[in-house]
Amino acid sequence: MNPVERVVQAFADHFDGRPAFIVQAPGRVNLIGEHTDYNDGFCLPMAIDRATWIALRPRDGTVSVQALDMNDALTFGLDALPRDTAAWGRYVTGVAWALQENGYTLSGWEGVLRGDVPIGSGLSSSAALELAVARAFAAVSGFAWDARRMAQIGQQTENRWLGLQTGIMDQLISANGVAGHALLMDCRALSLSPVPLPPGTAVVVMDTKTPRGLVNSAYNQRRAECERAAEVLGVPALRDASPADLERAADRLDAVVFRRARHVITENERTLRAAGAMGAGDADELGRLMNASHDSLRDDYEVTSHTLDTMVNSARRQGGCLGARMTGAGFGGCAIALVREADVAPFMANVAREYEQSTHLTPDLFVARPAAGAGLVEPAA
Ligand code: ADP
Ligand code: MG
C-alpha cells in the first residue's frame with residue numbers, strides 16, 4: 001500500500017467510511033545555508049518525497065485525531081484548547097491556536113495522521129506535521145490556502161505555543177516546495193526562487209541515527225552569539241554584514257563570537273553562489289560549496305558531531321560524491337551528499353558499511369527527490 005492508501009484504510013478502520021479530504025505536507029533537506037535563517041539570511045532547502053498525511057472529514061467544533069505513528073489519540077474542543085496533551089498533540093492544538101490568533105474561524109474535523117519523515121532527525125517532521133494540520137483546517141473550514149501565511153502559522157506554533165526558538169525555513173519550504181527544485185530563500189523578504197537540481201545528480205540523505213542531544217540549548221546560545229555580533233557590528237542582523245565589515249570589527253569581538261559571525265556571513269555568500277551554480281547546472285561547484293559549508297559548521301559554528309563528521313568524511317571518499325555536509329541544526333541527525341546518479345548504489349552501500357564499522361551504529365541512507373509543498377491529495381482510485 002502506498003502512504004495515501006494507508007491513511008485511507010486507517011481512516012476506514014477508525015471512523016468508518018471514506019475521508020472527505022486527504023492532505024499532505026513534506027519534510028525537507030537544506031542543501032546549504034545553515035543557521036542563516038534566524039540571521040535574516042539565505043538558505044537553499046528542498047521539500048522531499050517524504051511527508052505527513054492526514055485523511056479527514058468535517059465534524060462539529062471538535063478535533064479528533066488518531067496519530068498512527070504514536071499509537072495515540074487526541075480529542076479537543078476548538079473553544080477550549082488543552083495545554084496538557086502529549087508532545088505531538090501540542091503541535092496540533094498549537095496550529096489551531098495560531099490560526100485562531102490570526103483571525104481564522106475554524107471548523108472541527110476527525111481524521112488519522114501518519115508520516116514517513118524520520119522523526120527528530122533534522123528533516124523537519126515537525127514542520128510537516130504543522131503544515132499538514134493547517135492544510136486540514138483550511139480544507140474543512142473553507143479558507144483560502146496562503147502558503148506563506150501558513151508557514152508563519154507553523155512558526156508561531158513552535159515559537160509561541162511550544163516555546164521553541166526556531167526560524168522560518170522549515171515551514172516555508174514545507175508549504176512552498178516545488179517538484180524537481182530547491183528554493184533559494186531570502187529569510188528577510190520571505191521570497192523564494194526555484195532552482196533545479198543539477199542534471200544527473202541525486203541527493204542522498206544519511207541519517208546518523210544519533211539523537212540531537214544538545215540541540216535546544218546550543219541553538220539558543222548560537223542565536224544569542226549572532227545577536228551579539230550584529231550589535232557590535234552595528235547592523236540589524238548578520239545578513240547585513242560583509243566579510244570586510246567583520247574583519248574591521250575583529251578586535252572588538254570575542255574570539256568565539258567572531259567565529260560564529262564568520263560562519264553566518266560566509267555561509268550567506270556560499271548559499272547565493274550555490275544557487276547560481278545550480279542555475280548554471282554546475283554540480284561540481286555546488287558540491288564544493290557544500291563541503292565548505294560543513295567545514296565552517298564544524299570549525300567556526302561548532303554544531304557538528306563525531307558521527308556527522310564520520311559520515312561526511314566517509315561520503316567524501318566515495319567515487320561520484322560531489323560534496324557532503326550536515327543538514328539541519330546539527331549535533332546529530334542527518335547529513336546529505338550530492339552524488340552522481342550512476343554512482344548512487346555503490347555510494348550508499350560503501351558509506352553504510354564504513355559508518356557502521358567505525359561507529360557501530362546502523363545508519364539509514366536513502367535518496368530524497370525534490371517534491372511539491374503542502375496540499376490536497378487526490379484520493380487513490
Ligand atoms: P524534526 O527534526 O523531525 O522536526 P522536532 O524535534 O522538531 O524534529 O519535531 C519532532 C516532533 O514532532 C515529534 O517529537 C512529535 O512530537 C512531532 N511529530 C513529528 N512527526 C509526527 C508524526 N508523524 N506523528 C506525530 N507526531 C509527530
Ligand atoms: Mg523540527
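Counting starts at 1 for both ligands and their atoms, in listed order. Remember, it's a predicted structure, so these values are computed and weren't measured experimentally.
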Q | Salt-bridge present (Arg298, Asp295; N to O < 4.0 Å) | A | yes
Q. Who's the nearest protein heavy-atom neighbour of atom 26 (N) of ligand 1, and how far?
A. Trp88 CB, 3.2 Å
Q: Establish, yes or no, whether a centroid distance under 6.0 Å links the rings of His35 and Tyr38.
A: yes
**Q.** Nearest neighbour in protein (non-hydrogen) for atom 23 (N) of ligand 1
**A.** Asp69 OD2, 2.9 Å
Q.
Are any of the N/O atoms on Ser126, whether in the backbone or the side chain, positioned under 3.5 angstrom from an N/O atom of ligand 1?
A. yes
(Q) Can you report which non-hydrogen protein atom sits closest to atom 6 (O) of ligand 1, along with the distance? (A) Arg212 NH2, 3.5 Å
Q) What atoms in ligand 1 come closer than 4.0 Å to a heavy atom of Gly122? A) 2 (O)
Q. Under 4.0 Å from any heavy atom of Gly120, which atoms of ligand 1 are there?
A. 1 (P), 3 (O), 8 (O)
Q. Just which atoms of ligand 1 are under 4.0 Å from any heavy atom in Pro118?
A. 3 (O)
Q) Please state which protein non-hydrogen atom is closest to atom 12 (O) of ligand 1 and give its distance, to 0.1 Å? A) Tyr91 CE1, 3.6 Å
(Q) For atom 27 (C) of ligand 1, what is the closest protein heavy atom, and at what distance to 0.1 Å? (A) Leu129 CD2, 3.5 Å
(Q) Between Arg239 and Asp40, does any NZ, NE, NH1 or NH2 come within less than 4.0 Å of an OD or OE carboxylate oxygen? (A) no
Q. Is it true that Arg369 and Glu341 have a side-chain N and a carboxylate O under 4.0 angstrom from each other?
A. yes
Q | Ser124 N/O/S atom closer than 2.8 Å to the Mg ion (ligand 2) | A | no
Q. Hey, is Arg222 close enough to Glu302 for a salt bridge, meaning N to O under 4.0 Å?
A. no
Q | Distance under 6.0 Å and angle within 45° of ring axis: Arg135 vs Trp145 | A | yes
Q: Please work out which of Val117, Ile119, Val65 has its closest non-hydrogen atom nearest to atom 21 (C) of ligand 1.
A: Ile119
Q: Could you tell me whether the side chain of His294 and the main chain of Thr327 form a donor-acceptor pair under 3.5 Å?
A: no
Q: Please confirm whether Phe331 and Tyr219 have ring centers closer than 6.0 angstrom.
A: no
Q. Could an N or O of ligand 1 be found under 3.5 Å from any N or O of Ser125, whether backbone or side chain?
A. yes
